[in-house]
Amino acid sequence: MKCNSLILILILLSFNCVFSQYKKESKYYNLFDSYAEEENFGAFNGKEYLDIYPEEIRTSKTNNKFYGSYDFVSGYVLYDGQPYYNVKFKYELVHDLLLIAYTNERVNLLALNSKMVEEFELIGHKFKRLPNNSGIIKSVYRNGFFKEEYIGSEFSLYSKHVKKVVEKLTENKIAFEFRESTYFIAGYRDVYYQISTKKSFLEAFPFYEKSIKYFYKKNSALVRKNKEKFYLNLLKYLDNLNSHNEVK
């Protein structure tokens, strides 16, 4: 009898432990479930997005805090290992967040948990959440979303789009202006470096010093005219050298 009572107590304790853990986890995972339409239940989780820069007082219709489009657009998201298609969302560049479209009596926008977003496609552009294990790109990392510009056999190029809020006084009213900056990240064998000058390239890839200096000399006009195209061509050039085991 004592043995049966002990077994019953152990079962009840085990159930209580599992149930308590479930309650803790479900508080976060059910946030989206409580607001979303029935067919989306369980798809995403995140936090309510509070807009501290409302669009009604922006300086113009084309001046907003999003990537590519002010409107929600259908895209693809790889979230917690699961792909989702035709999801309507925006990419907010001030705080580096993906915002899901839904409407509820309490809230209008949900910011996805950025750590669970592995990649997404928006307006024909692919973004990937890069690792920052070395801390080299910490200054521009934010939530880690970078647009793919080039993926080669060894080298890669990404761009980071950021918007800064500028407060302006217009007709005795406060308005917000959103100014965009773009930063470039070069990758080599899953290590990433911020690049902006010849010096930064040489510091990132010292074994390719001669090749980098040669390419800069041959393409001096392009580097002044179009840095993005120059970086793209340079990394393709280094990739080609690497594939032929040639380092000039």
Side-chain angles (χ1 to χ4, degrees), residues 62-69 73 75-76 78 91-94 96 98 117-166 177-248:
T62 57
N63 179 34
N64 59 70
K65 53 185 170 289
F66 302 104
Y67 177 83
S69 172
V73 271
Y76 149 81
L78 182 61
Y91 178 23
E92 199 257 53
L93 298 180
V94 175
D96 206 25
L98 285 192
V117 178
E118 298 171 49
E119 63 182 38
F120 61 94
E121 289 184 6
L122 186 66
I123 320 175
H125 299 144
K126 184 176 180 180
F127 293 80
K128 184 177 179 181
R129 188 170 191 271
L130 297 181
N132 190 30
N133 300 330
S134 64
I136 299 173
I137 57 174
K138 182 180 179 180
S139 62
V140 296
Y141 189 76
R142 309 177 87 211
N143 285 328
F145 301 132
F146 294 83
K147 187 174 77 170
E148 285 188 1
E149 304 288 355
Y150 168 71
I151 304 296
S153 57
E154 297 283 354
F155 290 89
S156 57
L157 178 66
Y158 293 86
S159 59
K160 180 69 178 179
H161 296 263
V162 177
K163 285 193 176 181
K164 179 182 178 181
V165 182
V166 178
E177 198 171 271
F178 303 95
R179 298 177 183 175
E180 186 169 355
S181 298
T182 305
Y183 304 93
F184 293 96
I185 305 298
Y188 179 66
R189 296 180 180 177
D190 297 324
V191 180
Y192 302 95
Y193 307 87
Q194 185 179 349
I195 53 172
S196 57
T197 62
K198 180 167 68 173
K199 181 181 178 182
S200 62
F201 258 108
L202 294 173
E203 289 175 348
F205 312 116
F207 294 109
Y208 292 86
E209 180 178 351
K210 291 183 178 179
S211 300
I212 292 170
K213 288 182 176 179
Y214 169 81
F215 195 87
Y216 262 90
K217 185 177 180 180
K218 285 289 186 179
N219 297 272
S220 57
L222 182 60
V223 72
R224 291 191 298 268
K225 185 179 179 181
N226 189 331
K227 277 195 173 184
E228 181 177 354
K229 188 174 181 181
F230 175 85
Y231 295 154
L232 179 64
N233 291 348
L234 173 53
L235 290 171
K236 285 182 178 180
Y237 170 70
L238 296 180
D239 233 347
N240 186 58
L241 288 179
N242 198 61
S243 65
H244 291 87
N245 295 316
E246 300 174 8
V247 179
K248 293 184 180 180

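Since the model is a prediction, treat every value here as computed from it, not as a measurement.
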Looking at CD1 of I136 and CD1 of I185, how far apart are the two atoms once the value is rounded to the nearest 0.5 Å?
10.0 Å
Inter-residue atom distance K198.NZ - F230.CZ, 0.5 Å rounding:
9.0 Å
Beyond-backbone contact of [X] with [Y], side-chain heavy atoms, under 4.5 angstrom:
X    : Y    : value
E118 : R129 : no
Y216 : L234 : yes
K164 : F178 : no
I212 : F207 : no
N233 : L222 : yes

Considering residues at least two apart in sequence or located in another chain, which fulfil the side chain to side chain donor-acceptor pair (under 3.5 Å) criterion with [X]?
X    : result
N132 : none
E180 : H161
K236 : none

Could you tell me which non-hydrogen atom of [X] sits nearest to which non-hydrogen atom of [Y], and how far apart they are?
X    : Y    : value
L241 : S211 : CD1-OG, 3.2 Å
I151 : E148 : CG1-OE1, 3.8 Å
R224 : S220 : NH1-O, 3.4 Å
S156 : L235 : O-CD1, 3.4 Å
S200 : S196 : OG-N, 3.0 Å
F155 : Y150 : O-CE2, 3.7 Å

Mind checking side-chain contact (heavy atoms from CB on, under 4.5 Å) for K225 and listing every partner two or more places apart, or none if nothing turns up?
none
List for me each residue that meets side-chain contact (heavy atoms from CB on, under 4.5 Å) alongside V162, sequence neighbours excluded, and say none if there are none.
R142, K160, Y183
In chain order, what residues pass the salt bridge (charged side-chain N to carboxylate O under 4.0 Å, His left out) check against [X], with sequence neighbours excluded?
X    : result
K163 : none
K229 : none
R179 : E177

Stepwise side chain to side chain donor-acceptor pair (under 3.5 Å) test for D96 and Y91:
CA-CA 7 Å; D96 206 25; Y91 178 23; 2.5 Å; yes
N/O donor to acceptor pairs below 3.5 angstrom from side-chain atoms of residues 119-128, sequence neighbours left out:
from	atom 1	to	atom 2	distance (Å)
E119	OE2	Y76	OH	2.9
H125	ND1	Y67	OH	2.6

Quick one: ring-ring contact (aromatic ring centres under 6.0 Å, His included) partners of Y231, sequence neighbours excluded?
F184, F201
Strictly by salt bridge (charged side-chain N to carboxylate O under 4.0 Å, His left out), give each pair with a member in residues 131-141 just once, sequence neighbours left out.
none
For a side chain to side chain contact (heavy atoms under 4.5 Å, CB included) check, start with the C-alpha distance between L202 and K213, then their side-chain angles and the critical distance, and finish with the verdict.
CA-CA 8 Å; L202 294 173; K213 288 182 176 179; 4.1 Å; yes
Show me the donor-acceptor pairs within less than 3.5 Å that the side chains of residues 186-195 make with the rest of the protein, sequence neighbours left out.
from	atom 1	to	atom 2	distance (Å)
R189	NE	E154	OE1	2.8
Q194	OE1	S139	OG	3.1

